[in-house]
Number of protein chains: 2
Amino acid sequence: MTRRHNRTRAERGIPEATVARLPVYLRALHSLQERGVATVSSEELATAAGVNSAKLRKDLSHLGSYGTRGVGYEVEYLVYQISRELGLTQDWVVAIIGVGNLGRALAGYGGFASRGFRVAALLDADESVVGERISGLTVRHIDDLESVVAEQGVSIAVLATPAAAAQSLCDRVVAAGVTSVLNFAPVVLSVPEGVDVRKVDLSIELQILAFHEQRKAGGPGEGGWAGELDGPGDRPRGEGPPGTKQYIEAVEA
Amino acid sequence: MTRRHNRTRAERGIPEATVARLPVYLRALHSLQERGVATVSSEELATAAGVNSAKLRKDLSHLGSYGTRGVGYEVEYLVYQISRELGLTQDWVVAIIGVGNLGRALAGYGGFASRGFRVAALLDADESVVGERISGLTVRHIDDLESVVAEQGVSIAVLATPAAAAQSLCDRVVAAGVTSVLNFAPVVLSVPEGVDVRKVDLSIELQILAFHEQRKAGGPGEGGWAGELDGPGDRPRGEGPPGTKQYIEAVEA
DNA sequence: CCATGTGAACTAATTCACAGCG
DNA sequence: CGCTGTGAATTAGTTCACATGG
């Protein structure tokens with residue numbers, strides 16, 4: 001919040017929206033780097049990252065003044081600066097909790113190893129998967145969670161468990177000292193101050209798409225304005241507007 | 001922006017931030033419903049959804065006036081209204097493109113079927129998986145993409161392919177008439193006006209966590225302010241500050 | 001009397017537009 | 001001259017706080 005030195009810039013506090021875009025810029029830069037491009041303008045990089053150039057420049061300006069006026073940005077240098085800002089110049093030890101379909105997919109995901117993330121452990125409660133070897137790691141029993149976290153120095157836990165198990169496992173990893181959690185289970189996790197949680201939720205994404213899809217087709221419901229004037233009083237109870245699937249009964253997965 | 005009728009509320013145009021939270025509220029409501037709760041206050045629901053109550057009320061107010069002052073919201077009714085707003089009172093036909101680890105995990109994900117999303121097809125380019133049966137569906141060859149989209153009336157495509165294939169497959173599904181894409185490949189997709197794309201990106205999420213994790217440990221880089229005073233001129237070229245992993249060489253996954 | 005619904009105040013994020021530097 | 005970097009203007013989102021109505 002308050003400045004605590006004479007920091008020339010960056011000044012402790014990059015906007016969250018900017019932080020969320022830095023990885024995108026970084027990926028675009030890597031791709032340029034592979035193609036042997038040495039220098040890039042804000043316009044070009046912005047296009048590659050799918051944003052407009054003003055936003056890109058403003059974002060980068062939060063890190064410092066790393067461009068050259070009249071020229072652009074040196075790709076390699078910018079890659080380094082963004083990597084450093086994101087904390088990718090050091091390794092982060094990751095544990096994946098839950099080795100179902102998703103956990104396996106994550107364990108095999110190349111993107112982990114490539115950028116400073118080292119998967120050090122796979123854990124599961126199911127005896128029948130414990131001991132199995134996946135992507136070079138032996139699945140360990142969830143009882144070992146605390147010792148694994150301590151021994152390996154895990155700082156990021158990836159939760160790929162059923163919803164019902166997520167909160168209590170989250171509590172355990174946090175108690176064991178993990179301060180960042182990436183949650184794939186469809187639940188809202190509560191964690192103490194100082195612990196960061198990020199959520200990846202397929203079904204939420206689909207529902208957002210459905211909203212826009214419906215809108216393209218014209219208004220909510222089937223015929224557009226079912227229930228328009230219903231103040232409390234003429235509420236549909238137990239049935240939707242004619243022709244619609246009624247309510248939603250299925251259980252959460 | 002300007003009102004264009006005497007619409008009592010909703011007024012065409014729910015803020016994007018609100019849309020993104022509606023699925024969370026919906027999930028919390030379903031969970032209350034399962035526990036037999038009939039009525040809920042904004043305070044309770046907000047807690048369950050992990051937001052504050054003012055935000056929840058403001059969000060719901062964009063849909064209409066569905067609460068009762070002094071009492072709260074009727075769970076069942078609110079479930080219905082949010083579902084309708086999100087377009088979940090109708091079925092959406094989904095095709096999953098790419099049947100690797102991730103595609104399989106997605107195909108088996110219960111959250112699909114449960115809320116108005118019907119996976120109608122699995123497609124892959126790899127001959128060795130074509131014909132395989134997964135979660136009740138036979139994997140079809142990617143050559144059939146256009147006909148599958150047309151026959152099944154697919155409106156949402158889920159891309160779970162390698163990065164290199166994503167854009168051209170995206171082009172194909174869009175050309176075939178799909179107007180919503182959920183992209184798991186680590187690339188920025190470009191699509192024509194009117195097509196919605198949402199991105200789920202593991203490695204971005206991890207990088208955001210790393211940023212905050214690093215911050216907890218105190219400042220970027222190892223020793224805090226490597227390159228502090230470097231205006232252009234004394235840039236590190238080809239090496240990072242002492243002791244840091246240098247640059248990032250690995251390829252994108 | 002209590003919890004919703006909402007103007008008003010505030011904070012964050014985006015976009016504009018141009019000064020200024022290489 | 002061409003591009004970055006950035007104040008200023010705008011727009012979006014959040015939070016406050018309370019009038020309102022069941």
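Because the structure is a prediction, the values reported are computed rather than measured. Below, chains carry the letters A, B, ... as their sequence lines are ordered, and counting in each starts from 1.
- Checking B:Ser155 against A:Glu213 by side-chain atom types alone, no donor-acceptor pair falls below 3.5 Å.
- If you take NZ of B:Lys55 and P of C:dT11, they are 15 Å apart, rounded to a whole angstrom.
- Atom CG of A:Asp59 is separated from atom C1' of C:dA13 by 10 Å (rounded to the nearest Å).
- Between A:Tyr77 and A:Tyr66, the ring centre distance stays below 6.0 Å.
- Atom CD in B:Glu16 sits about 15 Å away from atom C1' in C:dT14, given to the nearest Å.
- To the nearest angstrom, C1' of C:dG22 lies 14 Å from OH of A:Tyr73.
- Between D:dC3 and A:Ser41, no contact under 4.0 Å exists linking OP1 or OP2 to a side-chain N or O.
- The closest donor-acceptor contact from the side chain of B:Gln214 to the backbone of A:Glu85 lies under 3.5 Å.
- As rounded to whole Å, 13 Å separates atom C1' of D:dT4 from atom CG of A:Leu45.
- For A:Gln81 (side chain) and A:Leu63 (main-chain N/O), no donor-acceptor pair under 3.5 Å exists by modelled atom type.
- Among residue pairs with one or both ends in residues 54-68 of chain A, those qualifying as salt bridge (Lys or Arg N to Asp or Glu O under 4.0 Å) are A:Arg21-A:Asp59; sequence neighbours excluded.
- With rounding to whole Å, B:Glu44 atom CD is found 15 Å from C:dC2 atom P.
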Quiz item: Could you run down nucleotides 16-22 of chain D 5' to 3' and tag each one B, S or - for protein heavy-atom contact under 4.0 Å?
Solution: BB-BBBS

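- Whole-Å rounding puts the A:Leu63 CG to D:dG5 P distance at 10 Å.
- Between B:Glu43 atom CD and C:dG5 atom C1' there is a gap of 15 Å when expressed in whole angstrom units.
- Nearest heavy atoms, B:Ala49 versus A:Val188: O-CG2, 3.7 Å.
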